[in-house]
Every structure is written in structure tokens, then in C-alpha cells.
Amino acid sequence: MVGRASDIPRLRRGIRFDHEACFGHNRNMDEQEDIDIAPDEEASPAFGGSPEAKVAKMREEIMGLRKEKQEYMDGWQRAKADYVNALKRFDQERVHERVRGVVKAVELLLPAFDSLERAKELGEVPKSFAGIARQLEGAFTTLGLTPVGSVGEVFDPALHEALGTDAAESEAQDDTVSAVLERGWRLGEALVRPAKVRVAHFEK
Amino acid sequence: MAKILGIDLGTTNSAMAIVEGGEPRVLENAEGSRTTPSIVAIGKSGERVVGTLAKRQSVTNPLNTIYQIKRFIGHSFGEQAVEKDRKAVPFEMHKADNGGIEVKMSDKWYRPEEISAMILGKLKADAEAKLGEKIT
């Protein structure tokens, strides 16, 4: 405690130094202010109060300020535009995420549904189970799901995934779906799963 | 100031990301996935498809579906590594005038860099559609 008294000057020096460091940090601002004041006090005796020199100096200063103002303006406008864009994107993303949530849930249910469908084709499903399959299909329809992929339609990689090719008998059949191995599904515009198909290929 | 799009052009898949609020964010492509197969194809009707769509039609159109193109960038035709890789892909290849490689896609020859540019172009277009602004 006693020893501390001798530390005071050093401490003060420390504070003064900090002060300088602080000004150094805002050097841009400070210099601007210094220039503001300096011409009035110093320029008058030095240039003999020449108004031209003063005007030139101030003009230069104004140019500098304008440039700085423009920089801030640009930065602010950019930030504002970014904000507006972000809001828009949040809106879009909210819709998108909702669709994605449905897609994800449906994706998990589809294999079970496919199995039921396949069993139905083989005639192995008791009536009660066929009813359950219908219920599931009804639920999918309510969600807005539509099946994609049927034999004979033109192969479209946006909807179909080709797993193999079959020889076609005529040129008209070329590049059309020859067999649907697994139905695909879409939800509105979004494709949940492409239809897995075989494609007819005509050898010329 | 426009956003900067970072693209990882991979041999098999490519991805893209932007920095948002100081954090990188991977962008999804038009098909909604975070990676895009590095595949380019010209379909039977003559349209060019890139990415997932090119992959889905690859079985029907192996000669005009170009993949693994990054392996061939910067190599000369006839190099040992090229000869080995060449045997593993179904599309045609020949020696370019400058000694490099060219691949055939629907009767036209392309340099590997051109194929890569098509992949980059698709990613850029998807990013622009997603962000709603031009990337220059």
C-alpha cells in the first residue's frame, strides 16, 4: 500500500500513454478535426492570410469529406440491401423448409408404401391391408403428392432415373419409359423421389 | 459489392458456398441437394444437362455422358495415367492439336476445361437463382 504512492507518476504516464493510443486508434477522425482547426490558427500567419490558399485547402478538405461520406453511404446502402435480401430469403426458406420437412417424412414412409403396392400387384394382400394402403395413398394425396413415372412417357431425367435400357421395336419408342421399376413421387414442383425406370433404346 | 461464391470442383461431386455474416454457408443446387455430381451430358434431344439430371440419364446415354473429367485436366494424351483412366470410362477421347486431351460429347469435341466450365456454370447459375443476385 505504501509503495504504491511512488507508482502514481508512472501510473499517470500510463494513462497519458493510453490516451494517445486511444487517439491513435481514431486517427482518421482526429486528423479531420485537426485540419478543421489548424488552417484558422496557423495558415493565417504562414500564408499571410491568403484567401486563395485557404479556399484551396478547404476545397480539398471538402472533397475528402465527400469521398468519405460516399463511402459511408455506399456501405449503409449495401447493408440495407443485404438486410432486405435476407428478409426475402428467410421468407423463401421458411416455405422451403416446410416442404422439405414433408418430403423428409414422406421419404421415410415411401418404402413401406411401395412394399404394400408391390404386394397388392401380386395379389397377396388381404382386403383389410389393401384398405390401409388406400388410406396411406389418400394421406399422400392430401399432402399434395403425385406419383410420377408410367410406361410409354418420354424419358425425362428431371423425373426419371434410368437403371437400364431395353431394345425398342420402333423408332417412335426410342427414349421412352419401357418399364417402371419403382414409382417416383413429387410434391408440387419438388421431386421427392425420381421414378426408377428402364428406357427403350432403338438401334438404328 | 457482389457476394463471392466459393466452389469446390470435385472429381465426382462439386459443392458451393458463400460467406454470410462471417460464416460459410453451403448452397443447395436447383435440385435441392448440397452436392452436385460433376457430370455433364448431352441428351438425345440435344439439350445439355449437368449434375443430378446428367447422372440420372447416364445409363441410357453412356457415350455422351462425361464424368470424372477432373482426372484428365492438365494431362497430355498418351500419358500412362491417362491411358489407365481412359480405359475406365465409356466416352471417347482423342489427342487434341496441342497434345492435350479432348472428349467427345454428341459429335463435338471438348477440352476437359470446357466440361469443367459447364459444371462451374451450372453451379453459378443455381447460386444466382438461389441468392437472387448476379455473381460476377
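Just so it is clear, the values below take in all heavy atoms, side chains as well, and ignore hydrogens, waters and symmetry mates. Letters A, B, ... mirror the listed sequences (proteins, then strands); counts begin at 1. The model shown is predicted, which means the values in this text are computed figures rather than measured ones.
Counting heavy atoms of neighbouring residues, nucleotides and ligands inside a 6.0 Å radius, atom NZ of B:Lys95 does not exceed 12 of them. Counting non-hydrogen atoms of neighbouring residues, nucleotides and ligands closer than 6.0 angstrom, the CZ atom of A:Phe129 reaches no more than 12 such neighbours. Residue A:Glu60 qualifies as open at atom CD: its count of foreign heavy atoms under 6.0 Å is 12 or below. Counting heavy-atom neighbours within 6.0 Å of B:Arg25 CZ, excluding the residue itself, gives a total above 12. Surrounding CZ of A:Arg89 are more than 12 heavy atoms belonging to other residues, nucleotides or ligands, all under 6.0 Å away.
Interface remark: B:Glu31 contributes no atoms to any contact with chain A (heavy atom separation under 4.5 Å). Only the side chain of A:Arg100 comes within less than 4.5 Å of a heavy atom of chain B; its backbone N, CA, C and O stay farther away. With a 4.5 Å cut-off on non-hydrogen atoms, A:Gln77 does not touch chain B at all. In this structure, chain B has a heavy atom under 4.5 Å from the backbone of A:His160, while its side chain stays farther away. Neither the backbone nor the side chain of B:Glu47 comes within contact range of chain A; no heavy atoms are under 4.5 Å apart.
For the residue pair A:Pro157 and B:Gln57, the shortest heavy atom distance occurs at CB-CB, 4.0 Å.
Of all residues spanning residues 169-194 of chain A, those with a heavy atom less than 4.5 Å away from chain B's heavy atoms are A:Asp174, A:Asp175, A:Leu191, A:Pro194, arranged by number.
To the nearest 0.5 Å, atom CD of residue B:Glu20 and atom CG of residue A:Asn85 are 10.0 Å apart. Atom CG of B:Leu53 and atom CG of A:Leu159 lie 9.0 Å apart (nearest 0.5 Å). Interatomic distance, NZ of B:Lys44 versus NE2 of A:His201, reported as 5.0 Å (0.5 Å rounding). Atom NZ of B:Lys55 is separated from atom CD of A:Glu161 by 8.0 Å, given to the nearest 0.5 angstrom.
For chain A, the option among B:Leu131, B:Thr52, B:Val59 with the highest count of heavy-atom pairs below 4.5 Å is B:Val59.
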